[in-house]
Amino acid sequence: MQVSVLGRALARSFLRSYLVAAAFNTRGMQNVGLVYAMEPGLQAIYPDAQARREARQRYVAHYNSHPFWTPLLVGVFLSLEDKIAKGLFPPQVLTTVKDTTVYTLSAIGDSLFAGSLLVFWSLSTACMVAAGLPWLALAWGLLWFFGLHLFKLATFLVGFKEGLKFLTRLKRWRLIDWALRLKYGNAVLLALFLHLSWPQDMLAGTWFMGVTVVGAAAMVVYYSGISREVIALLVLTAAAAVPLLLDG
């Protein structure tokens with residue numbers, strides 16, 4: 001296989017990985033998007049139409065993972081397909097990797113990206129805006145935006161180059177633990193945002209009480225499983241009702 005042909009195919013597969021959820025469905029979830037992303041790479045790896053059809057069938061089943069991990073997974077899958085085509089791995093190894101790695105990374109992605117890093121970015125941006133630094137907040141957002149795309153490209157390339165070896169290395173990074181540490185940092189950022197956005201004539205005791213109420217509400221959501229929207233509505237209702245009761 002010519003290097004230039006493979007390079008163009010990898011570039012197309014990487015760009016298509018951004019569309020993994022474009023054909024989301026209740027049966028296979030992101031499977032159509034995954035097949036679409038894999039197709040250029042499979043065409044380069046399997047010139048024979050029948051062999052390519054058999055390889056494609058390995059991806060039409062259920063697939064669902066965090067979209068930030070999709071470029072990495074596409075790179076790893078193409079790396080495995082390249083080795084399968086050369087007879088180094090049996091096709092069954094791909095099924096084993098899909099059934100374990102995909103859903104593990106999905107859980108890690110929900111905790112690390114959606115539950116920690118995105119919250120960290122939004123809270124830190126809110127603090128900058130509240131502190132009167134809108135241009136710094138804009139620059140901060142652009143840094144995260146381009147950093148995300150660099151992360152996707154880097155993991156795609158490393159996934160294709162190292163394959164299963166990189167997944168083993170990724171496991172040692174203990175990303176779930178880092179997600180938990182970030183959540184503690186987000187709690188500090190939330191308190192800082194409340195401090196920056198609170199009216200200047202507010203007493204320290206009132207500020208402390210507000211922070212305590214927010215923290216208590218978060219604990220109720222975490223331990224009770226009640227929707228946070230319901231808890232937020234109850235807290236806001238109580239905040240509006242208390243002054244009326246005191247005046248009465």
Side-chain angles (χ1 to χ4, degrees), residues 7 10-11 13-21 29-31 33-34 37-38 41 58-59 61-84 88-89 92-127 139-192 218 222:
L10 290 177
S13 286
F14 170 71
L15 292 175
R16 288 187 178 198
S17 69
Y18 280 80
L19 303 175
V20 67
M29 294 195 171
Q30 300 172 353
N31 63 331
L34 177 64
M38 293 291 298
R58 292 192 275 270
Y59 301 94
H62 183 276
Y63 169 81
N64 191 52
S65 191
H66 196 283
F68 289 3
W69 285 128
T70 295
L72 167 64
L73 290 170
V74 170
V76 171
F77 294 158
L78 288 176
S79 175
L80 292 176
E81 290 292 350
D82 186 52
K83 292 178 173 58
I84 291 172
L88 301 176
F89 284 160
Q92 293 77 14
V93 72
L94 194 282
T95 303
T96 302
V97 172
K98 277 191 62 182
D99 290 345
T100 55
T101 304
V102 167
Y103 303 109
T104 300
L105 288 180
S106 179
I108 294 175
D110 289 341
S111 178
L112 178 63
F113 298 125
S116 299
L117 280 174
L118 286 175
V119 176
F120 173 80
W121 164 76
S122 61
L123 285 174
S124 58
T125 300
C127 289
W140 182 238
L142 291 174
L143 178 65
W144 280 82
F145 177 78
F146 289 111
L148 171 61
H149 297 299
L150 182 61
F151 169 81
K152 288 185 174 184
L153 178 60
T155 53
F156 173 79
L157 294 175
V158 175
F160 180 77
K161 180 180 180 181
E162 298 188 10
L164 295 178
K165 185 190 302 183
F166 180 70
L167 293 179
T168 302
R169 182 146 51 95
L170 188 65
K171 182 180 179 181
R172 295 198 296 266
W173 291 358
R174 303 180 68 86
L175 295 177
I176 286 291
D177 294 339
W178 281 106
L180 181 61
R181 296 185 185 104
L182 276 171
K183 289 175 181 177
Y184 290 136
N186 289 339
V188 175
L189 283 176
L190 179 59
L192 177 60
Y222 181 80

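Along the sequence shown, residues carry numbers from 1. When reading the values below, keep in mind they use all heavy atoms of this one structure, side chains included, and skip hydrogens, waters and symmetry mates.
Between Leu80 and Arg58, the closest side-chain pair of non-hydrogen atoms is not below 4.5 Å. With a 4.5 Å cut-off on side-chain heavy atoms, Leu105 and Leu170 count as touching. Val76 is not listed as a side-chain neighbour of Thr101, based on a closest heavy-atom distance of 4.5 Å or more. Using a 4.5 Å cut-off on side-chain heavy atoms (C-beta onward), Trp178 and Ile108 make no contact. Looking only at side-chain heavy atoms (C-beta outward), Leu117 and Leu112 come within less than 4.5 Å of each other.
Closest non-hydrogen pair, Pro67 versus Val20, comes out as CB-CG1, 4.5 Å. Residues His62 and Lys98 approach most closely at O-NZ, 4.2 Å, considering heavy atoms. Looking at every heavy atom in both residues, Ser13 comes nearest to Ala37 through OG-O, 2.8 Å. Listed here is the closest heavy atom pair of Thr155 and Leu72: O-CD1, 3.4 Å. Nearest heavy-atom pair, Ser17 versus Val74, reported as atom, atom and distance to 0.1 Å: CB-CG2, 4.4 Å. Here the closest non-hydrogen pair linking Ser79 and Gly159 is CB-O, 3.8 Å.
Taking the six-membered ring where the residue is Trp, Tyr59 and Phe77 present tilted rings, their angle falling between 30° and 60°. Taking the six-membered ring where tryptophan is involved, the planes of Phe156 and Phe14 are tilted, since the angle between them lies from 30° to 60°.
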**OP:** Any chance you could lay out the ring pair (Phe, Tyr, Trp, His ring centres under 6.0 Å) test for Tyr103 and His66, step after step, and finish with the verdict?
**Re:** CA-CA 9 Å; Tyr103 303 109; His66 196 283; over 10 Å; no
Subject >> Verdict with supporting geometry, Tyr18 and His149, side-chain contact (heavy atoms from CB on, under 4.5 Å) >> reply: CA-CA 10 Å; Tyr18 280 80; His149 297 299; 2.9 Å; yes
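A distance of 9.5 Å separates OG1 of Thr168 from NZ of Lys165, quoted to the nearest 0.5 Å. Separating the CG atom in Asp82 from the CG atom in Leu88 is a distance of 8.0 Å, to the nearest 0.5 Å. The CG atom of Leu182 sits 11.5 Å away from the CG atom of Asp177 when rounded to the nearest 0.5 Å.
Judged by distance alone, with hydrogens and angles left aside, the side-chain atoms of Ser111 form no donor-acceptor pair with the main-chain N or O of Ala179 at under 3.5 Å. In this structure, the side chain of Ser106 does not engage the main chain of Ser65 through any donor-acceptor pair within 3.5 Å. Looking only at distances, a side-chain donor or acceptor of Thr104 sits under 3.5 Å from a matching main-chain atom of Thr100.
When Phe68, Trp69, Trp144 are each tested for a ring-ring contact (aromatic ring centres under 6.0 Å, His included) with Phe151, only one passes: Trp69. Remark: of the listed residues Leu34, Leu78, Val102, Val102 is the sole one forming a side chain to side chain contact (heavy atoms under 4.5 Å, CB included) with Leu73.
No more than 12 heavy atoms of other residues, nucleotides or ligands sit less than 6.0 Å from atom CZ of Arg174. At most 12 heavy atoms of other shown residues, nucleotides or ligands fall within 6.0 angstrom of atom NZ in Lys161.
Shown here are the side-chain hydrogen bond (donor to acceptor under 3.5 Å, both in side chains) partners of Thr125, two or more places apart in sequence or in another chain: Trp121. Residues satisfying the side-chain contact (heavy atoms from CB on, under 4.5 Å) criterion with Asn186, sequence neighbours excluded, are Val119, Phe120, Leu123, Leu189.
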